[in-house]
Amino acid sequence: MSSELEKIYDPKQVEVDVYNKWNQADAFGADPADPRKNFCMVIPPPNVTAALHLGHALNNTLQDVLIRYKRMGQYATLWMPGTDHAGIATQTVVEKRILAEEGKRRIDFERGDFVARIQEWKDEYEATILQQLQKMGCSCDWKRTRFTMDEVCAKAVRATFFKLFSDGLIYRGKRLVNWDPATQTVLADDEVEHEDVAGHFWYMQYPLVDAAELDGKHITHVTVATTRPETMLGDTAVAMNPRDPRAAVLVGRKVRLPIVGREIPIIADDHVVLPDPESEDEKAKFSTGFLKVTPAHDPDDYQIGQRHDLPMINVMAPDGSISDRHGWDDCNTPEAENLVGMDRFEARAAIVEFFRSENLLEDIREYNHSVGHSYRSHVPIEPYLSDQWYVAVKKPLPNIPDEGLIEGTDVPIQSLAGIALTPLLDGRLKFTPERYASNYKNWLENLRDWPISRQLWWGHQIPIWSKPGKRPAENVDGIIYREMETDEGVITYACVAPSHDKLEKQIEADGFVRDPDVLDTWFSSALWPFSTLGWPDVTPELKKFYPGDVLSTAREIITLWVSRMVMMGQYCVGDIPFSEVFIHAMIQDGQGRKMSKSLGNGVDPLEVIDSHGADAMRFTLVSMTTQTQDVRMPLAKMTLPDGREVNSSPKFDMGRNLCNKLWNASRFAMMNMLRCPSWSQIRPTENLADVWILSRLNGTIRDATLALESYRFNDLSEKLYHFLWDDFCDWYLEIAKARIADGQRTPKAIIAHCLDTILRLLHPIMPFITEAIWEKLNEIAPVRGPGDMHAEELLITAQWPMADGETIDPPAEGAFDMLADLIRQIRNIRVQHNIAPSRKINAIAEAIEGLSATEILVKNVETVKALANLGELKISYQEIPTPDGAAAITVGGVKVYLLDVVDKQAELDRLKKQQETLTKGIKGVESKLANEKFVANAPEDVVSRERDRLEEMQRDLAAIEKTIAALS
RNA sequence: GGGCGUUUAGCUCAGUUGGCUAGAGCGCUUCCCUUACAAGGAAGAAGUCACAGGUUCGAGUCCUGUAACGCCCACCA
């Protein structure tokens, strides 16, 4: 590489070179033997379903900013990378693709072959994802890359499952799943599409077994309203609200279920909506006050069934037809037998017809409601009862003294839910922004047992084997047996510990069959913070880097993922996996819609990197990270140099422009590094611009560090942007140009030092460009700061700067602001009076002895001359008559006349406008100060600031009015 | 239904314990290819801080209510 920077910043080559350089230096590598304080983050493992989108780019940029900041803060850092197998989601995308491309369904494959096909997909996308992360500049320790289904993670899954099983926290229970009768598969909730359907409410009468007297009326039946008459075959109760006036008489009685003849109780349950024909509430409007309860075919009814210990009668076969072979054992009447084998919709019609013919159909009303449909077959899904494995989350942990309940909840302190909740309550776990803590808390407080089995092929197969009959008599190390009473009699379940392949073979030879189901994908992600470190083995990594520090993620998985990581970290390792959770905003498109493939409004990070560069993308993303929950990214089509038309956003221009600015400022700086003095040779300097820029520099270090520590990312980017662009480039470098031309060497050293610090401060956000410039700067000015030390070779591991409070100088900043104000006003006059930019004009200042403005001006005549393009700037301590053709400026009580600018009218207009503004301002402040209560109640510094302001405005106004008088 | 967020310049957004003469980037207007940068420089214009009340010496900021938009969760006999 040459030692001069190219004229235009080209991210492409720089990004590749710099990334290679970091890799060669193993700059991302984490060393468990590193004695320094540790800082660890785990990446939220992206799903291997698809390539990364802009939301990933955002989250991973933020994590990279944090890890780079900590790395420069000289922590022993680890950022653990990896991907998630994402059970249902991945299996579904692969199934879809195979169906579309080959017309084959999953059941056309052997399990192993199908899993191999998913594995291929996973390999492809995992590679893509990791490459994307690297292109973005992520500084993960890649050699530690994990996958939630790799051997290391699988061992942790097995160990956790075994521990839970041993502790009696895993049990077999019934659960209603979303069943697709057409494809005969289970669907996840998000695979169910809700469609509005024009349906009916059928009002059906159920005769009372014994007639009742109610308000003097003879009652022979109750009327239930239902949208699904066919499920009545499985009814096991009729429920009514206990507050219903009729409840006192009717609850406890029985009705005889038509068709089936089953006697079922009338029970009281709060869930039932009281009837109210006038109500806005649809349910109340249609309700009769009596609800048929079918626990096996409706989620709500299932809950009611649980509460009242009702039998669950499944009346359907997996294909959705009426069946007496799946749990319905009182199908004895001819009417009922007649229905067996009918499709559920045929049965609906037949049942309605039966009620009609028996005069039991009281009414039919039209009703539009939403019905869940399978996203695959588009038929209505059937809530279907099945056996599943559960984790008991509120059961007290065994072998631990009972500590009671968490206050105000039914959560035992020593339960899985409890140990996830306590760290939040005692302050060990913190959310930023804080409001998200309540999400976490509410969810855990109302947590229900966690169903962990999934009827899928892609995932961790459940390590349980079963066999009908009683358990073997003798205990075997590595196996836990448990007998359970089921519909089919006693079954023995055996859970096998990890790394006992022999045992597995043995029990299989003995007739035990492994459960075909796999674990919920969140089961393995819950272990991510420690499975990746080798747990259950006590590895050096686990000892050094667990517990970790920060988790950065999106709000939608606070419950599913974050809470479970805390729960499992506490349960398995005995500590929380991180102490801070940062929740970032969701990126939406310009219309506030979620970015998605189907809407075609997604932005591909790699395309942004192609068009703007990775640093530019990162800077823009960081600057958009405010504490709000959504952030909009207006989209624009863009054509890349290679002709691709891609989605992009003008927002990225900001980042790109800043890169360019930094690049060029660095070029300029380095062009002027010849004979650059060392730091000790130039300090202290008394030049106002020097003092000012060093004050601003240190203020910026302080602000940037604070912003990082408090996750105020937009603040961080804004402060750095402002310092680099406005303070350093627009002001300091412009002033330095003239001074350097004048032979001064001090600005060179200050430029070198500022650039050094700017690179350090910007590095976490824009790692590539800063590292590239750093290399050049090291060649040209290796010594450039306090202590006259050689700068570190690599920026990525260089020291994060410390703010020097002594250098922060508010009076100097005030003085400089005044000077800048004067310069701006002169430039303004030049524009308003149409003075050619090249024309130098002369000026004379009417200074007043003792005024601070006078002193500032006198000391900085050369600066003003250079930046305002003045020929001469004379200082007069005597009052001077307003010169003919002059324009006047007043700043801090000092009047400056710009000579021979002629245009009298323009000058009068300008002055009158200023007069107006000042008069208004003075009036405002005067009335404020005239208010006794203000003077009495406001803090002293606020009052005195107002007084100073008034005085200054009055002085300036007087001067302006004098000039106006002289001109007119 | 429960929880939460947003509403500030034409657009996208800042504005941390009330002190604001309300800021930034883009866009807009005028001038400038000045030897770091036209992806640039200089100077500007642009806002009843959604609405209505209240607290306060003082409200974009705190409280109450209203409206619109949006997100998450649950549910829909």
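Lettering of chains follows the sequences in order, A, B, ..., and the numbering in each one begins at 1.
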message: Strictly under 4.0 angstrom, non-hydrogen atoms only: write out the protein contact profile of nucleotides 41-51 of chain B, one letter per nucleotide from the 5' end, B, S or -.
response: SSSSS------
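For the residue pair A/Thr409 / A/Glu445, no side-chain donor-acceptor distance below 3.5 Å is found, with atom types taken as modelled. Side-chain atoms of A/Tyr9 and A/Asn664 include no donor-acceptor pair closer than 3.5 Å.
Regarding contacts with the backbone of B/U34, every side-chain N or O of A/Arg839 stays at 4.0 angstrom or more from both OP1 and OP2. Contact between the side-chain N/O atoms of A/Asn442 and the OP1/OP2 oxygens of B/G2 is not found at any separation under 4.0 Å. Contact annotation: A/Lys651 does not reach the phosphate of B/G25 (side-chain N/O to OP1 or OP2, under 4.0 Å). Between A/Thr626 and the phosphate of B/A14, there is a side-chain N or O to OP1/OP2 separation shorter than 4.0 Å.
Separating the C1' atom of B/U21 from that of B/C26 is a span of 25 Å, rounded to the nearest Å.
Considering only side-chain atoms of A/Asn657, the nucleotide from B/A39, B/U21, B/G25 that sits closest is B/A39. For A/Asn714, counting side-chain heavy atoms from C-beta on, the closest listed nucleotide (B/A14, B/G19, B/C37) is B/A14. Checked against B/G70, B/A77, B/C13, the side chain of A/Arg632 finds its nearest nucleotide in B/C13.
Counting any heavy atom pair closer than 4.0 Å across all strands shown, A/Cys659 reaches no nucleic acid atom. At a threshold of 4.0 angstrom between heavy atoms, the contacts of A/Pro650 with the nucleic acid are absent. Looking at heavy-atom distances under 4.0 Å, A/Arg945 makes contact with sugar-phosphate atoms alone, never a base. As judged by a 4.0 angstrom heavy-atom cut-off over every strand, A/Tyr721 is placed among residues touching the sugar-phosphate backbone only. Nucleic acid contact class of A/Asn937 (heavy atoms, under 4.0 Å, all strands): base.
Considering only heavy atoms from C-beta on, A/Leu621 comes within 4.5 Å of A/Ile587 through its side chain.
Residue pairs satisfying the side-chain hydrogen bond (donor to acceptor under 3.5 Å, both in side chains) criterion with at least one member in residues 713-722 of chain A, sequence neighbours excluded, are listed as follows: A/Arg712-A/Asp715, A/His722-A/Asp726.
With respect to the salt-bridge test (charged N to carboxylate O, under 4.0 angstrom), the residues A/Asp630 and A/Arg555 qualify.
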